[in-house]
Asker: 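Next up is a structure, given as C-alpha cells.
In listed order, ligands and their atoms are each counted from 1.
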Amino acid sequence: MNVTWKSPSNIALIKYWGKYGRQLPRNASLSITLDEAHTITSVTTEKKRTKKASCSLLFEGKPNPVFEAKVQDFLRSIQKDFPFLGSQHLLIETSNSFPHSAGIASSASAMSALALCLCSLDILHGGKLPEDFFRKASNYARLGSGSAARSVYPEFSVWGKTNLVPLSSNQYALASPVHYHANFNDIQDTILLVSRSEKSVSSRAGHALMDKHPMARIRYRNAVVRLEKLLSVLTTGDWSAFASIVEAEALELHALMMTSDPSYILMTPNTLDIIQRIRDFRERTQLPVCFTLDAGPNVHVLYPYYEKRKVRNFIQKELLPLCQDNQALYDHMGRGPIQIFE
Ligand code: DP6
C-alpha cells in the first residue's frame with residue numbers, strides 16, 4: 001500500500017506558546033494556512049514480523065537517521081491507535097518545497113503530512129472510517145507538533161478550546177472559525193529570510209520556559225482577548241485593526257522569550273530594522289501591510305492581494321537588502337492539504 005499527501009505550513013496570527021499534558025495548548029491559537037511552503041510525504045507499507053512500529057526514512061532523497069529516529073518514536077507513541085503499525089514497516093519519503101535552512105517551521109507541514117498519510121493508510125489496512133477524517137488527522141498532527149494541528153485545513157484555522165468557537169478543542173483544530181470579509185481573501189505572506197542559521201533555542205524548549213514564566217497568566221489572558229478581537233475584525237475587513245492585533249501578538253511572543261529564565265533573543269538587528277521600515281511605510285502610504293514573527297528572526301510581511309504590486313515594490317526596494325542573500329519566499333493563503341494519486 002502506498003499513500004502520498006502534500007501538506008502546507010501555516011503562520012499563526014494568535015500564537016500557541018505554552019503547553020501542558022500531552023501536547024495540549026495553554027491558549028487557543030489562530031493561523032493562516034500557507035500554500036507555497038509545503039511538505040510532500042509518501043508512505044509505503046511492507047509486511048513485517050516484528051510487533052513494534054518501525055520505519056525507514058528518506059528526507060530530500062537521502063537517509064536522515066536523526067529525523068528517522070524522531071518519527072519512529074512518534075509512531076511508537078501512537079501505535080495503539082493505528083493497529084497496522086504492528087504488522088507493517090513504513091518506508092517514508094519526505095521533502096519540503098523550501099530549503100531546509102530557510103528558518104521556516106517545517107514541523108507543521110511535515111507532521112501534518114505524516115498524520116494524513118497515517119490516517120489514509122489506516123483505512124486502507126481495514127481501519128474504521130473516521131467520523132471526520134481531517135479532525136482525526138489534526139489530532140495526530142498535534143501529537144507530532146502542536147502547530148501542525150492547524151495545517152490540515154484551508155485558509156484560517158483555530159486550535160484550542162475557546163468559548164468563541166463552537167466545537168473547538170485542545171485536541172484538534174477546526175477550519176473556518178468565521179465567515180471572513182473579502183478584504184482578507186488570499187492574504188499575501190512574504191517571508192523575509194533575515195537569517196538562515198539554526199535557532200539557538202528550540203520551540204520545544206521555549207514552550208517549557210512558559211511553565212514558570214512570571215507573565216504566563218497575563219499572556220494567556222491577552223491571547224483570549226486578542227482572539228476575540230481578531231475573529232471580529234476578520235468579519236469586518238478592517239486591515240488597520242488586523243495589523244495592530246497581529247503585530248502585538250508577534251512582539252509579545254518575542255517579549256516572552258526575552259523575559260524567560262533563562263532569557264533569550266531570536267530577533268536580530270535586521271529583524272527590528274525591517275519592523276520599523278514596515279511601520280514607517282504604513283504610516284507614510286496608509287497601505288494595509290503588517291508583520292508577524294515565528295519563533296525565529298525571519299519576518300512574515302502580510303498584506304492583501306489587491307495591494308500586492310505596491311507592497312512588493314516596497315519589499316524589493318527596502319526590505320530585501322536586509323535579508324540574507326536578498327532572499328524572501330512569496331507565499332499566500334492556501335487551500336489546505338491534498339492527497340496525490342500517482
Ligand atoms: C511560535 O508547534 O513548533 O510557531 O508543539 O513543541 O512542536 P511543538 O511546538 P511548535 O510551536 C510553534 C510556536 C509558534 C507559534 C504557533 O505556530 O502558534
Asker: With heavy atoms of D294 as the reference, note each atom of ligand 1 found under 4.0 Å away.
Answerer: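 Near D294, the atoms of ligand 1 are 1 (C), 4 (O), 14 (C).
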Asker: Are the ring centres of F184 and F242 closer than 6.0 Å?
Answerer: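 Yes; F242 has its ring centre under 6.0 Å from that of F184.
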Asker: With respect to atom 3 (O) of ligand 1, which of A250, S203, A295, A208 exhibits the smallest heavy-atom separation?
Answerer: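 Looking at heavy atoms only, S203 sits closest to atom 3 (O) of ligand 1.
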Asker: Of the side chain and backbone of R150, name the one, both, or neither that has a heavy atom under 4.0 Å from an atom of ligand 1.
Answerer: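 R150 to ligand 1: side-chain contact only, backbone stays beyond 4.0 Å.
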Asker: Please state whether K19 comes within less than 4.0 angstrom of ligand 1, counting heavy atoms only.
Answerer: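 Within the 4.0 Å threshold, so yes.
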Asker: With heavy atoms under 4.0 Å as the rule, classify the contact between L253 and ligand 1 as side chain, backbone, both or neither.
Answerer: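 Only the side chain of L253 comes within reach of ligand 1.
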Asker: Is the ring pair F59/F67 parallel, tilted or perpendicular, if the boundaries are 30 and 60 degrees?
Answerer: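 The rings of F59 and F67 stand perpendicular, inter-plane angle above 60°.
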Asker: Under 3.5 Å between some N or O of ligand 1 and some N or O of N10?
Answerer: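 No.
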Asker: Does V233 offer a backbone N or O that forms a donor-acceptor pair with the side chain of D238 under 3.5 Å?
Answerer: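 Side chain of D238 to backbone of V233, a donor-acceptor pair under 3.5 Å: no, none is there.
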Asker: So does D132 pair up with K136, basic N to acidic O under 4.0 Å?
Answerer: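 Salt bridge between D132 and K136, a charged N being under 4.0 Å from a carboxylate O: no.
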Asker: Using a 3.5 Å cut-off on N or O atoms only, is G146 in polar contact with ligand 1?
Answerer: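 Between G146 and ligand 1, an N or O pair is found under 3.5 Å apart.
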Asker: Between atom NE2 of H300 and atom CD1 of I32, what is the distance when rounded to the nearest 0.5 Å?
Answerer: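 Nearest 0.5 Å value for the NE2-CD1 distance: 10.0 Å.
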Asker: Mind checking whether A12 contacts ligand 1 via backbone (N, CA, C, O), side chain (CB onward), both or neither, at a 4.0 Å heavy-atom cut-off?
Answerer: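 A12 to ligand 1: side-chain contact only, backbone stays beyond 4.0 Å.
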Asker: What I want to know is whether W17 and ligand 1 share at least one N or O pair that is separated by under 3.5 angstrom.
Answerer: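 It does not: no N or O of W17 is found under 3.5 Å from an N or O of ligand 1.
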Asker: Counting only heavy atoms, which portion of S147 has something under 4.0 Å from ligand 1: side chain, backbone, both, or neither?
Answerer: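 Under 4.0 Å from ligand 1, S147 contributes backbone and side-chain atoms.
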Asker: Specify whether F82 and Y140 have parallel, tilted or perpendicular ring planes, treating 30° as the upper limit for parallel and 60° as the lower limit for perpendicular.
Answerer: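 Correct class here is perpendicular.
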Asker: Measuring from atom CG of L251 to atom CE of M258, what distance do you get when rounded to the nearest 0.5 angstrom?
Answerer: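 If I round to the nearest 0.5 Å, the distance is 8.0 Å.
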Asker: Are any of the N/O atoms in K15 less than 3.5 Å from those in ligand 1?
Answerer: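 Between K15 and ligand 1, no N or O pair is found under 3.5 Å apart.
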Asker: Can a donor-acceptor pair be found between the side chains of N139 and R142 at a distance below 3.5 Å?
Answerer: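 Short answer, yes.
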